[in-house]
Amino acid sequence: MTAVDDRPTTEVGKDRRRKEDQRLITGRTRWTDNIQLPGMLHLAMVRSPFAHAKILSIGTDEAKAAPGVHAVFTGADLADSQGVNINAWPITPDQVTPTHLPVPSERVAHTGEIVAVVVARSAALARDAAELVDVDYEELPAVLDLKEAMKDEVLAHPDAGTNKSAFWQLDSKAAGTGGDVEEAIAKARQDGIVIEREYRQQRLVPAFMEPRSTVVDPTGEQVVIWSATQVPHILRFAIAATMGIPESKVRVIAPDVGGGFGGKLQTTPEEFATIAIARKLGKPCKYTETRSETMVSAHHGRDQWQKMTLAAEKDGTVTALKVDLLADLGAYVAIVGGGVPVLGAWMFNSIYKFPAYQFNCQTVLTNKTWVDAYRGAGRPEATYAIERIMDELAAEVGVDPIAIREKNWITHDEFPFTTVAGMTYDSGNYEAATAKALELFGYDELRAEQKRRRESGDTVQLGLGVSTFTEMCGLAPSRVLGSLSYGAGGWESASIRMLATGTVEVVSGATPHGQGHETAWSQIVADRLGIPFENVEVLHGDTQIAPKGLDTYGSRSLVVGGEALVRAADKVIEKAKPIAAHLLEASVDDLEFEAGQFTVKGTDKGIGITDIALATFAAHNLPDGVEPSIDADATFDPVNFSFPHGTHLCAMEVDTETGQSTMRKYVCVDDIGTIINPLIVEGQIHGGLVQGIAQALWEGAEYDEQGTLVSGSFVDYTLPTAADTINYVSEHTVSPSTTNTLGTKGVGEAGTIASTPAVVNAIVDALRPMGIDDIQMPCTPERVWKAIRTAGAQQDKAPTADAQAHFGEGAPNQDPAAGTTDGAAQ
Ligand code: MCN
């Protein structure tokens, strides 16, 4: 019997290996730090060792006299030229936004802030001399904890008068999208269920592979800036807006960039300082940070307290959700730092039909590294809290976590569905994704094994974790972003240039830094124009070559930039059509276009689009009035976000004697609509999963009482390696998006958003019979062990009938020697 060949005949859907990997893997590429310019000088930063301090004086004489040193600059020296780091998303008109100077001259507000810059012949000489800069500080009280910051007793910025940056609310009753949340909670307290929990999102470091680097050449007509950035277009805008250089005189180039995960969507003090100094000296300058510098000076992610109040009927039907979010911004409001927690407003309600909802978000300033978008940005945080508390509801009602979700989720026949947060989800099928995941996982068998282990008192218990998530990505409709006071739009652009010799240049406004756009974009164009995949060249990341773009973040590139590309391709075909008709001596209406060929309907007369490109280049025989070009540009602004969703299931084995949690199985079924390249998608999901799992188990940025980042290196910040991960089972269902013609939804953040609660739910599920209903992330063996011990101590010391009679409800039941939970289990 012949096997049926179901490999796709189109490029879209094909497992194409990434074109760009050839040069990346063999090192035939240019990272910013590889760029060498004649006469180039090198910068080193002098950074504050204090979390909060007045700068009393800066002695630069010794550093200036050091070998190879060209100059030393302080904030005062740069005051007239250094610009200011921007906040592009003031979430309220009265948001407290401390001025963020690249090099401050009076006061530092977090450890690692730059106080002086040394310029020398080499990076090594600059670093050596930086040690000789003598800064006299007067240490000021620092506020490090975000709950402490709320008290306003110690101020991160004394001039601001408060640490509270902004308060933002979404209330379903006020918005007309649902009922009164307080009423629904009060009712549930009478005759239903109310669950209250507080979850912690620990601080994370977006540990991209390539440290940030900037090279500036000020010697020509334009200032040319190479930067390891995700956002060359936004950087050009910010430089023009704050440094007084006309935008047309600024060229930003992001060459190959080694990852970002949101951590490179910032405009940085280091970039501004390097530009200011290069312009002052009139010489090319380079600054590349060390890994230790990345840890303290590139922005951090997450850092929230999430107070959740969920109301339900006795059978588990949800009736209200109230979220009180406290979000740490760190020392400054980063480019979209204030807005990231607010994105949770549309995500905490997730896939569930809450009749009433309220989201309250308070952002707070502290003397720590500033916080901004890290893979998922606002959506992993929200997904974590809602998926954790849905498990608590299931436990309270006494049903399986899957059953509580089925009872409350939006069913496939209810799409499009406008949620209580006012967001319209266009498509999805939670039942299908969950059914597939359960089957692949072997859910029932694993539950049976869990029961056996519980009954036999196995020291290694099994827990099953569920996460049925959705997210909003493809940032996105400019009008919606504008209504939220976001400073930029959400469109994306693409251009197609039909070269005379049959190859095609695609120019993308989206700027990949690991996502494989060159491959995926080639697949889209190859199908649309009917030309070989190999004949498409994708250009990006240089504002001179791709002048229009809003860059890559928020899993937006495909659903916005990919659709712009489709529209540009359609325009190319439309422009080629009259030329084809003219050359074939046929009417435009009689032509059809397929697989790269225009043919006269019902005949074998035809001409290929690449032949038309050549004929247009020669321009000897074009119809009257037709311009000699079939090139086209398109800019696309979607009407809505895209809403990927999926079901992630995790099995964890928890050793109750050591606290060690080991992943046994992980299955995810993601629905990201049409898939352009399954191989890229698998890579995106795997990478995303590891980051989400790492938050659950390993990673956390910890400060000491002085405000020093004690997890400031990879020795202490436990980034997982391949050896720490397992083989995940990743599958898909397809509910095409209706907001782009490709039917695609974003995938770049899905794994990170979904996986964290699946893992923690599994660990808690394993330990629930011991009375444990939360473990604060990261669930390290120590924390799990402490939680087990504390729970055990509580059970051992359960008040006797006598004690209860004596002490009443307040009967002591905790062994003081066991200590407090110390944040290990809350
Ligand atoms: N894709 C596809 N089919 C789909 C969806 C996506 O084939 N249905 C492909 C796209 O063509 C693209 C890739 O998957 O090649 C990711 O697409 P998309 O979801 O549009 O995300 P972006 O390209 O906008 O990338 C941003 C996203 C984010 S927000 C973070 S953070 C992140 C991520 O991508 N950072 C990354 N993935 C990363 N991958 C690497 N290697 N490095 C990072 O820093």
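Reckoned from all heavy atoms, side chains included, excluding hydrogens, waters and symmetry mates.
Using a 4.0 Å cut-off between charged nitrogen and carboxylate oxygen, Lys173 and Glu182 do not count as a salt-bridge pair. Salt-bridge check for Glu313 with Lys407: failed, with every basic side-chain N at 4.0 Å or more from each acidic carboxylate O. Using a cutoff of 4.0 Å between basic side-chain nitrogens and carboxylate oxygens, Glu387 and Arg405 are scored as salt-bridged. With respect to the salt-bridge test (charged N to carboxylate O, under 4.0 angstrom), the residues Lys745 and Glu471 do not qualify. Using a 4.0 Å cut-off between charged side-chain N and carboxylate O, Glu782 and Arg789 make no salt bridge. Electrostatic pairing of Asp765 and Arg447 counts as a salt bridge here, judged by a charged N lying under 4.0 Å from a carboxylate O.
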- How far apart are the C-alpha atoms of Tyr384 and Ser755, what are their side-chain angles, what is the distance that settles it, and do they pass the side-chain hydrogen bond (donor to acceptor under 3.5 Å, both in side chains) test? CA-CA 9 Å; Tyr384 179 76; Ser755 56; over 6 Å; no
- Task: Test side-chain hydrogen bond (donor to acceptor under 3.5 Å, both in side chains) on Asn360 and Gln358 and set out the steps.
- Result: CA-CA 7 Å; Asn360 301 304; Gln358 192 181 75; 3.0 Å; yes
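Not counting sequence neighbours, the partners of Asp191 by the salt bridge (charged side-chain N to carboxylate O under 4.0 Å, His left out) test are Lys187.
Between the side chains of Glu699 and Gln691, not a single donor N or O lies within less than 3.5 Å of an accepting N or O. If you check the side chains of Tyr443 and Asp400, you find a donor sitting under 3.5 Å from an acceptor.
Here the rule is ring-ring contact (aromatic ring centres under 6.0 Å, His included) with His648, and of Phe441, Tyr728, Phe469 only Phe469 fits it.
For the atom pair CD1 of Ile410 and CG of Asn349, the computed distance is 8.0 Å after rounding to the nearest 0.5 Å.
Shown here for Ile193 and Glu396, the closest heavy-atom pair between the two residues is CG2-CG, 3.6 Å.
Of the possible polar contacts, none joining the Asp458 side chain to the Gln461 backbone as a donor-acceptor pair under 3.5 Å is found.
A cation-pi contact links Lys147 to Trp305, judged by a cut-off of 6.0 Å to the six-membered ring centre and 45° from its axis.
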